[in-house]
**Student:** 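If you scroll down you'll find the structure; I have some questions about it.
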Amino acid sequence: MALTVLSLSFVLFLLLGMPVAFAIGLSCLATFAYEGLPFETAIQMMVSGMNVFSFLAIPFFIFSGELMLHGGIADKIVAFARSLVGHWKGGLGLANVVASTLFGGVSGSPVADASAMGGVMIPIMKREGYSAAYAVNVTTHASLSGALMPTSHNMIIYAFAAQAAVGTIDGHIIKGVSIGDLMFAGLIPVFWIMVCMLVAAYWQAAKHGYPKRTDGSTMLERFPGWGMVGKTFLAAIPGLMVIVIILVCVMQGVATATEAAAIAVTYSLLLTVVAYRTMTREKLFKSLAKASKTTGVILLLIGVSNMLRYQMAYLEIPDAIETVLLAATTSPWLMLLYINIIQIFLGIFLDMAAHILITTPLFLPLAIQMGVGPVQFGMMLLLNCALGLVHPPVGTVQFIGCAIGKISIGEATKTAWPYYLAIFIAITLVTYVPAFSTWLPTMLTGHKVL
């Protein structure tokens with residue numbers, strides 16, 4: 001009965017339009033009251049969930065991304081991407097994919113990526129003869145790369161959620177997950193997603209004859225020459241260096257992920273305030289306010305999700321789910337398919353941080369039994385969560401893109417299937433080809449990564 005109270009109250013609060021964090025917290029409190037458990041325990045779980053030193057990396061990564069967003073870094077990345085592929089058919093769409101992928105590495109946030117690239121590219125693409133739906137879909141789906149980049153605060157959240165993971169795979173003992181391994185694990189999937197997005201963007205542009213102006217002309221840009229490509233690349237390098245700094249610091253043991261995030265903030269401030277001088281007082285305050293707001297929302301989600309994790313453990317929900325799935329099949333590939341289907345479904349309704357914190361303790365132990373390590377599972381989970389960001393009814397990133405493009409969600413969704421397919425292919429490869437996500441960190445760190 002307690003499980004019924006927890007589930008029904010959560011669904012009811014969501015249907016009433018309540019934010020996910022409050023829906024989780026209030027449904028947990030309702031369940032605590034039904035079971036007669038002290039509310040002090042709930043508050044203790046909430047506070048202990050947020051009181052983790054490694055979570056300091058979250059505000060640092062978010063603030064660094066906001067500084068880059070408001071400091072003009074996006075414009076330099078767009079200029080480089082446009083000089084490189086802007087002369088091809090559908091060139092602005094292809095440039096958008098490249099620029100969104102690169103800026104995703106700088107911001108570490110699909111939402112910030114979509115806001116920055118959407119604000120710059122969508123109006124330009126519409127003016128140059130691309131449909132609003134095409135411009136929005138290219139921008140929003142390419143921005144998902146930010147979830148798997150080294151600057152992604154979602155990796156920090158997953159590492160915390162997976163810290164209790166234990167088990168053995170092929171004789172290798174699993175105990176938690178390394179944030180450094182996660183940072184390297186996302187690079188190949190991100191590159192693959194970019195390639196698939198480029199193919200999808202080019203195919204749609206060729207099919208519809210983009211760019212196609214109102215007078216019927218389809219004149220393309222001329223290639224500016226490798227000299228201009230080199231010039232724009234050099235201008236973009238300082239912004240992109242934040243990715244390199246984080247990876248080198250973590251790989252060489254110079255700093256932890258939290259310290260590397262603080263270094264990224266310092267570098268971003270020096271770059272935007274001293275070097276480029278694009279950071280005004282108003283932009284700085286805006287960056288601080290947005291970073292503070294986002295951090296507060298994420299930490300609240302972490303706190304109430306830890307309360308929910310306590311409830312799930314108390315009600316033995318993970319054991320029940322494991323029993324049901326193992327009764328359905330013992331085949332590893334089929335089990336992983338079931339897990340992905342459930343994750344995709346949950347991603348439609350849950351915010352990314354809540355999704356990670358709630359589902360990791362449910363499915364990671366089962367994945368380890370099936371021979372999937374915490375790093376590989378982390379990439380699976382992050383990709384599934386990212387897909388939820390562009391799928392209604394939650395679809396935060398898609399809502400941002402549609403607001404900028406001034407079209408409805410339904411109109412954009414009608415032509416989004418090639419981009420969904422690209423993400424599905426990446427999820428499939430990560431799930432069934434372990435080396436797709438584990439080969440690079442294994443090679444770079446010198447130890448077996450699972």
Side-chain angles (χ1 to χ4, degrees), residues 65 68-69 71-108 112-114 116-130 134-135 138-139 141-146 148-151 187-206 209-213 217-248 267-268 271-272 275-278 419 422:
M68 293 293 191
L69 171 61
I73 307 302
D75 296 334
K76 294 176 174 56
I77 293 176
V78 168
F80 165 62
R82 191 166 185 174
S83 70
L84 186 64
V85 297
H87 60 288
W88 293 354
K89 184 172 292 187
L92 276 181
L94 304 183
N96 197 340
V97 171
V98 174
S100 294
T101 303
L102 293 176
F103 190 76
V106 172
S107 67
D113 195 353
M117 291 298 115
V120 174
M121 293 298 291
I122 291 177
I124 295 175
M125 291 178 69
K126 290 175 65 178
R127 186 173 65 245
E128 291 297 317
Y130 296 82
Y134 177 83
V138 167
T139 304
H141 290 79
S143 70
L144 300 183
S145 59
L148 278 76
M149 283 295 202
T151 51
L187 296 179
I188 291 180
V190 161
F191 177 77
W192 170 255
I193 291 173
M194 183 183 74
V195 171
C196 289
M197 293 295 176
L198 286 171
V199 172
Y202 182 85
W203 176 78
Q204 281 197 327
Y210 297 141
K212 192 172 184 178
R213 299 183 177 88
S217 64
T218 58
M219 185 175 64
L220 302 177
E221 298 180 16
R222 291 184 177 181
F223 180 53
W226 289 108
M228 180 57 69
V229 173
K231 182 179 178 180
T232 54
F233 177 63
L234 289 175
I237 280 180
L240 298 174
M241 278 298 294
V242 69
I243 309 172
V244 178
I245 289 172
I246 292 172
L247 289 176
V248 170
Y267 177 79
S268 300
L271 184 63
T272 56
Y276 288 159
R277 297 185 179 181
T278 52
Y419 310 100

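These numbers come from the heavy atoms of this one structure, side chains and all, not from hydrogens, waters or symmetry mates.
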**Student:** Which residues satisfy the side-chain contact (heavy atoms from CB on, under 4.5 Å) test with Leu247, sequence neighbours excluded?
**Tutor:** Pro150, Met183, Phe184, Leu187, Ile243
**Student:** Do you know the tightest heavy-atom contact between Ser100 and Ser143?
**Tutor:** CB-N, 4.1 Å
**Student:** I'd like to know if the side chain of Thr278 reaches the main chain of Gly71, judged simply by a donor and an acceptor atom lying under 3.5 Å from each other, with no hydrogens or angles considered.
**Tutor:** yes
**Student:** Nearest 0.5 angstrom please: Met149 CE to Asp113 CG, how far?
**Tutor:** 9.0 Å
**Student:** For Gly91 and Tyr130, which heavy atoms make the closest approach, and how far apart are they?
**Tutor:** N-OH, 3.3 Å
**Student:** Once rounded to the nearest 0.5 Å, what's the spacing between atom CD1 of Ile122 and atom OG1 of Thr139?
**Tutor:** 4.0 Å
**Student:** Can you list everything that forms a side-chain hydrogen bond (donor to acceptor under 3.5 Å, both in side chains) with Tyr419? Sequence neighbours excluded, please.
**Tutor:** Gln204
**Student:** By side-chain contact (heavy atoms from CB on, under 4.5 Å), which residues pair with Trp203, not counting sequence neighbours?
**Tutor:** Lys207, Trp417, Pro418
**Student:** Restricting to non-hydrogen atoms, name the atom on Pro123 and the atom on Gly118 that form the minimum distance, rounded to 0.1 Å.
**Tutor:** CD-O, 3.2 Å
**Student:** State, with a plain yes or no, whether a side-chain heavy atom of Ile193 is found less than 4.5 Å away from one of Ser145.
**Tutor:** no
**Student:** Say you draw a straight line from CH2 of Trp192 to CG of Leu148; how long is it, rounded to the nearest 0.5 Å?
**Tutor:** 15.0 Å
**Student:** Return all side-chain donor-acceptor pairs below 3.5 angstrom for residues 226-240, not counting sequence neighbours, or 'none' if the list is empty.
**Tutor:**
from, atom 1, to, atom 2, distance (Å)
Thr232, OG1, Ser83, OG, 2.9
Thr232, OG1, Met228, O, 3.0
Thr232, OG1, Val229, O, 2.9

**Student:** Taking side-chain contact (heavy atoms from CB on, under 4.5 Å) as the test, write out the residues that go with Ile124, two or more places apart.
**Tutor:** Arg82, Leu92, Val120, Arg127, Glu128
**Student:** Closest heavy-atom contact between Ala81 and Ala95?
**Tutor:** CB-O, 3.3 Å
**Student:** For Met117 and Ala99, which heavy atoms make the closest approach, and how far apart are they?
**Tutor:** SD-CB, 3.7 Å
**Student:** Checking Leu198 now: which residues fulfil side-chain contact (heavy atoms from CB on, under 4.5 Å) with it, not counting sequence neighbours?
**Tutor:** Leu94, Val97, Val98, Met194
**Student:** Which heavy atom in Val242 sits nearest to a heavy atom in Tyr267, and how many Å separate them?
**Tutor:** N-CE2, 4.1 Å
